[in-house]
2 protein chains.
Amino acid sequence: MAERTYGQFCGFARAVEVVGERWAFLIIRDLLARPKRFTDLLNGLPGIPTNVLTTRLKELEQAGVLRRRVLPRPAGSIVYELTEHGAELEDTVMALGRWGAKTLDTPREGEIITVDSLIMAFRTIFQAHEARGVTVSYELSFGDIVLHIRIDKGKIRVGAGPLPEADLILEAGPGIKALMAGEITPAQALADGTVHIVRGTRKEFVRFAQLFKIDVSPAQQQALA
Amino acid sequence: MAERTYGQFCGFARAVEVVGERWAFLIIRDLLARPKRFTDLLNGLPGIPTNVLTTRLKELEQAGVLRRRVLPRPAGSIVYELTEHGAELEDTVMALGRWGAKTLDTPREGEIITVDSLIMAFRTIFQAHEARGVTVSYELSFGDIVLHIRIDKGKIRVGAGPLPEADLILEAGPGIKALMAGEITPAQALADGTVHIVRGTRKEFVRFAQLFKIDVSPAQQQALA
DNA sequence: CTGGATCCCTCACGATACTG
DNA sequence: CAGTATCGTGAGGGATCCAG
């Protein structure tokens, strides 16, 4: 296997050699949401050839980013999960996701939305400072995609699947990005059908919009840290 | 120009489409240090083919990450510089550089060190909280590579070239990484010749080592112990 | 069904030479 | 200095096949 390197003795260059191969960073993002099987990864990465996925998994395992684990009986199946070293890429993934979100407007022809991209997106745009001491739960549907958010005393957990007992249940489309970016108000989002409240109050929805916002200035973030 | 996309409506995926092409992220890192001409970029990116550099520059210009600017007379030459949008990748570059530095041990066969990689490296590992109110200047030489650091009331600027009036002038090799990672002490670095003080006190050098540190992850610490 | 391996084809990338 | 032109190679895209 010819190593594709950059010929520089430099931490950044070495990092790019690991995560910069095609599909590699998306694999890591999906595994940040939670451990997955080969087929789960395939489904979450539209268009990736199986041989490329196999190659990336081996390379990333070699690099100490993830590990291949055989589940105990009776499941006996195989899952891929990030090592601690791999999980430390979360900051980078969030920083890059935040940057990319700024120029995200509307879906391109054929583009899909995946659960894991949304899970990481909501983790990324979560305004921790607005959530001090807050305990609340949400369920969000985007077409077939359903995910839930639990905020427990300001700490967030985002996962796939429904949460029937959630305080606020929403149905939305890609247009919800405009709400998160502050381009439209919560009232507008409801009025034009971008978001539909299945359960919960408008007031609760306004708080939701405060808790998740895209454009956070670096200065503001530093002030929080 | 066939667009290589990932088919996901997702900020992170869009970002990876921009910076994930081969060499792209390194070009951005070099431009974060300062604007550059085509040839400067070539020199800082060992092995990049000229046509690939041309292609990347056009793509990144198209993506609004950098701009091509013709300098006014009499210079008349062309520089590439990041747009504001491109400069906002600094957080991500630092986060990724920090991650990669953790597993950086010794140079591989034929690997070189570039000025710009070092400039970004020192910006990245700067411990701002240790530098409150500090004003001091350094000049560092790594073989042919010379760079300087000015810390003015806790604010850092790192640039290429010498700084004859610096408070501390050092000569070092790649082994200095061990010092920054806390694997050896300043005293050891001087004793084994990893670092040589050209001008300045040992006390000043100890402070230098406090101001620049690679954060070692818990996992890495365990591996070392 | 999961978890891949194998094949073929294309095009992005790498190397080198050359030009305004 | 700032690229363009040309050409060979191999990584990635896409489909199919196979073992447990």
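Order of the sequence lines fixes the chain letters, A, B, ..., with proteins taken first and strands second; residue numbering starts at 1 for each chain.
- In this structure, CZ of Arg68(B) is placed 15 Å from P of dC1(D), rounded to the nearest angstrom.
- Ion pairing between a basic and an acidic side chain is recognised when a charged N comes within 4.0 Å of a carboxylate O; Glu59(A) and Arg4(A) show no such pairing.
- Phosphate proximity of dG3(D) to Tyr80(B): present, with a side-chain N or O under 4.0 Å from OP1 or OP2.
- Ile48(A) places its CD1 atom 13 Å from the C1' atom of dA11(D), with the value rounded to the nearest Å.
- Rounded to a whole Å, the NZ atom of Lys58(B) is 4 Å from the P atom of dT4(D).
- By the 30° and 60° cut-offs, the orientation of the rings of Phe12(A) relative to Phe25(B) is perpendicular.
- The neighbour count for Gln62(A) CD, taken as heavy atoms of other residues, nucleotides or ligands under 6.0 Å away, does not exceed 12.
- Between Phe38(A) and Tyr80(A), the ring-plane angle classifies as tilted under the 30° and 60° cut-offs.
- One interatomic measurement links the two molecules: CD1 of Ile78(B) to C1' of dT4(D), which rounds to 14 Å at whole-angstrom precision.
- What separates CG of Leu57(A) from P of dG12(D) is a distance of 13 Å, to the nearest Å.
- What you find for Arg98(B) and Thr124(B) is that their closest heavy atoms are NH2-O, 3.6 Å.
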List, one per line, each side-chain donor-acceptor pair under 3.5 Å for residues 116-123 of chain A, sequence neighbours excluded.
| residue | atom | partner | partner atom | Å |
| --- | --- | --- | --- | --- |
| Asp116(A) | OD1 | Lys36(A) | NZ | 3.0 |
| Asp116(A) | OD2 | Lys36(A) | NZ | 3.3 |
| Ser117(A) | OG | Thr114(A) | O | 2.9 |
| Ser117(A) | OG | Thr114(A) | OG1 | 3.2 |
| Arg123(A) | NH1 | Leu32(A) | O | 3.3 |
| Arg123(A) | NH2 | Ala33(A) | O | 3.4 |

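- Helix-axis bend for the helix from dC1(C)-dG20(D) to dG20(C)-dC1(D): the local axis fitted to the five terminal pairs at one end deviates from that at the other end by 30°, rounded to 10°.
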Check the interface with nucleotides 15-20 of chain D: list each N/O to N/O pair with the protein under 3.5 Å, or write none.
none

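- With sequence neighbours excluded, no residue forms a ring pair (Phe, Tyr, Trp, His ring centres under 6.0 Å) with Phe142(A).
- In this view, Phe9(A) satisfies the ring pair (Phe, Tyr, Trp, His ring centres under 6.0 Å) rule with no residue, not counting sequence neighbours.
- If you check residues 22-44 of chain B against DNA chain D, the residues with a heavy atom closer than 4.0 Å are Arg37(B), Phe38(B), Thr39(B), listed by number.
- To the nearest angstrom, P of dC13(C) lies 11 Å from CD of Glu21(A).
- Of all heavy-atom pairs spanning Thr83(B) and Gly64(B), the tightest one is OG1-O, 2.5 Å.
- Going from atom CZ of Arg4(A) over to atom C1' of dT9(D) covers 12 Å, rounded to whole Å.
- Here dA15(C) presents its P atom at 14 Å from CG of Leu53(B), a figure rounded to the nearest Å.
- Heavy atoms of other residues, nucleotides or ligands lying less than 6.0 angstrom from CZ of Arg199(A) number more than 12.
- Classification of the Phe126(A)-Phe212(A) ring pair by plane angle, with boundaries at 30° and 60°, yields tilted.
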